[in-house]
Amino acid sequence: MAGDQLQVLKALDLAKTQWYHFTAIIIAGMGFFTDAYDLFCISLVTKLLGRIYYHTPGGPDPGVLPANVASAVNGVAFCGTLTGQLFFGWLGDKMGRKKVYGMTLLIMVICSIASGLSFSDDPKAVMITLCFFRFWLGFGIGGDYPLSATIMSEYANKKTRGAFIGAVFAMQGFGILVGGVFAIIVSSAFRAKYDVLPYVKDEYGSTPHQADYVWRIILMFGAIPAGLTYYWRMKMPETARYTALVAKNAEQAASDMARVMQVDIEADQGKLTEFTEKESNSFGLFTKEFLHRHGVHLLGTTTCWFLLDIAFYSQNLFQKDVFSAIKWIPKANTMSAIEEVFRIAKAQTLIALCSTVPGYWFTVALIDRMGRFKIQLMGFTMMTIFMFALAIPYHHWTEKKNRIGFVVMYSLTFFFANFGPNATTFIVPAEIFPARLRSTCHGISAAAGKLGAIVGAFGFLYLSQDKHHPQKGYSKGIGVKNTLILLGVVNFLGALCTFMVPEAKGKSLEEMSGENDDDYGDVVKLEDVSKVATDKPDST
């Protein structure tokens, strides 16, 4: 049977929604806003980089980034993110959430600015320095994943915890949206100032010297929201669950939360000592006990996030190529360099506005009613259906009269990614593992996701190339149609792996992790997933 819960943890679990909840959402969410902006803004400017630095004089088409360079520019930030998720996830459990939280933000500010300062006349030097700083930018972004999720889960009450963590992650949608909007503003301003002819009419004039500032401004803008958030992050107290359960200081935990919640809370130091000395609250990550209790859970969170990110990031990164294939964006040689940035940004903004952002907030609104399992399974299933619906009659969608239908279907896959596994894979790992391992396990799960993103960023740039007429610098691929079929299969596998992840709706963090139980019989097991539809939330 479950043991008595510490008063400070019970107060957090049963607290009504208060201002400090919204403050935590905003502070953590602005980090995620910046993360998304920095990760996705590169796809807006890769075509421009090709025009500026890899132009072939006299060629029929503008320059494009060589395949290896494009893969590096698109994917290097993900390599940094993966490393940061593992390192800062581990560090968050060792040093505390708050101490590590500011480090990640400073790295993001410095590297966002440095990314736009890759000055040189040599294309190789520009790309190397750009990739160097984007790797370390990704390293800082990586730390934001486990820390933001863990902090929000440990501050939230159990009734609306899913919505609170989801709201933090939903800021990713606004980051993608603002990235597109800002690129439209910058390209529109430059287009108005330097009204140049398309490439077919003026090979050199179509890419004015001033276009080199466009991509730099877009990349450096990400430093502003990160910088504005730093002060407030440093003002947040350490989470009570870390202070009590990991640092074992019940008095400090009670004091911090009493100040935040404006209520009197008993310290319970004696109960905490009894609580933390239990054998069930002492095992480490690389132990048989962890494998027995949480091994399948960790396998489930890592595989689902890995499969989701293959599909999600490959869609985002080659969506400009999809829009070109269905002729939603004109051929490159019929536009100037700045016009091309404007068109790509407009397409990405439309997708974000119509599907990406709404999908996130549907999750926020419904996750504590439907549950994590149902939303994730539904999302993967619908993504599978829409991918096959796009892929099998692909040539039908490329006809001019059907292009809008293609965009609608493509948008729906993004909608159900975000009203589905893209949100739940972030939320669940912050709920089901013990406090002393929570940030580490979330970092491992997130790193598996970024490994999937790397597969999407590197692999699908090649795979999506036309079988007969690949882009300059690329080898022949399997074509967009077959790529979409492959992504449909990936989504189907994600739906199957969802059955390894337990349902956390309505349960306290200690119920999910087993930290407040006298024996393992009370810990949430996989069979709870099958009872999602009928079980009512437990009360503490």
Side-chain angles (χ1 to χ4, degrees), residues 85-86 89 145-146 149-150 153 161-162 165-166 169 283 285-312 363 367 370-384 416-417 419-434 437-453 455 487-507 509 511-515 517 520-535 538:
Q85 286 163 336
L86 292 172
Y145 276 73
T150 299
S153 72
R161 185 179 60 239
I165 306 173
F169 193 64
F283 60 85
L285 180 65
F286 300 105
T287 61
K288 289 183 179 179
E289 188 68 15
F290 177 86
L291 183 64
H292 174 60
R293 293 189 178 217
H294 300 292
V296 174
H297 299 164
L298 187 59
L299 179 63
T301 58
T302 52
T303 52
C304 287
W305 209 334
F306 172 76
L307 294 166
L308 177 276
D309 273 10
I310 290 178
F312 186 79
T363 300
I367 190 166
M370 292 178 63
R372 290 75 165 140
F373 175 79
K374 280 185 178 179
I375 288 178
Q376 183 163 308
L377 185 64
M378 174 197 68
F380 269 129
T381 302
M382 296 305 293
M383 289 170 70
T384 303
F416 281 105
F419 180 32
N422 194 38
T424 55
T425 52
F426 175 81
I427 294 168
V428 173
E431 298 182 302
I432 64 176
F433 299 107
L437 301 172
R438 186 168 292 133
S439 179
T440 301
C441 290
H442 194 286
I444 292 170
S445 302
K450 280 301 167 283
L451 183 61
V455 172
L487 289 175
V489 174
V490 168
N491 290 325
F492 177 71
L493 292 174
L496 296 180
C497 290
T498 297
F499 287 91
M500 290 190 287
V501 181
E503 177 58 68
K505 183 181 74 169
K507 298 180 184 294
L509 297 179
E511 285 179 274
M512 291 303 302
S513 65
E515 289 169 287
D517 293 305
Y520 188 52
D522 293 323
V523 182
V524 175
K525 300 187 181 69
L526 287 181
E527 55 263 31
D528 288 350
V529 168
S530 64
K531 299 187 290 180
V532 169
T534 58
D535 279 1
D538 294 341

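- The structure places CE of Met383 at 8.5 Å from CG of Leu487, a figure rounded to the nearest 0.5 Å.
- Put simply, CD1 on Ile444 and CG on Leu298 are 5.5 Å apart, with the number rounded to the nearest 0.5 Å.
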His294/Leu437 under side-chain contact (heavy atoms from CB on, under 4.5 Å): CA gap, chis, key distance, verdict: CA-CA 11 Å; His294 300 292; Leu437 301 172; over 6 Å; no
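- For Arg372, the salt bridge (charged side-chain N to carboxylate O under 4.0 Å, His left out) partners are Asp368, Glu431, not counting sequence neighbours.
- Leu291 contributes atom CG, which lies 10.0 Å from atom CG of Leu285 (distance to the nearest 0.5 angstrom).
- Counting heavy-atom neighbours within 6.0 Å of Phe492 CZ, excluding the residue itself, gives a total of 12 or less.
- Of all heavy-atom pairs spanning Phe306 and Gly452, the tightest one is CD1-N, 3.4 Å.
- Here Phe416 contributes atom CZ and Thr381 contributes atom OG1; the two are 10.5 Å apart, rounded to the nearest 0.5 Å.
- Applying the side chain to side chain donor-acceptor pair (under 3.5 Å) rule to Gln85 yields no partners; only residues at least two apart in sequence or on another chain are considered.
- Note: Phe426 and Trp305 have perpendicular aromatic rings, judged against thresholds of 30 and 60 degrees for the angle between ring planes.
- Legend: residues meeting side chain to side chain donor-acceptor pair (under 3.5 Å) with Thr363, ordered by chain and number and at least two apart, are absent.
- Heavy atoms only, all atoms of each residue included: Cys497 and Leu307 are closest at SG-CD1, 3.9 Å.
- Across all their heavy atoms, Ile165 and Ala430 have their closest contact at CD1-CB, 4.5 Å.
- If you look at Phe433 and His442, their ring centroids are not closer than 6.0 Å.
- Atom CE of Met378 is separated from atom CD of Gln376 by 10.5 Å, given to the nearest 0.5 angstrom.
- At least one donor-acceptor pair closer than 3.5 Å links the side chain of Arg161 to the backbone N or O of Lys507.
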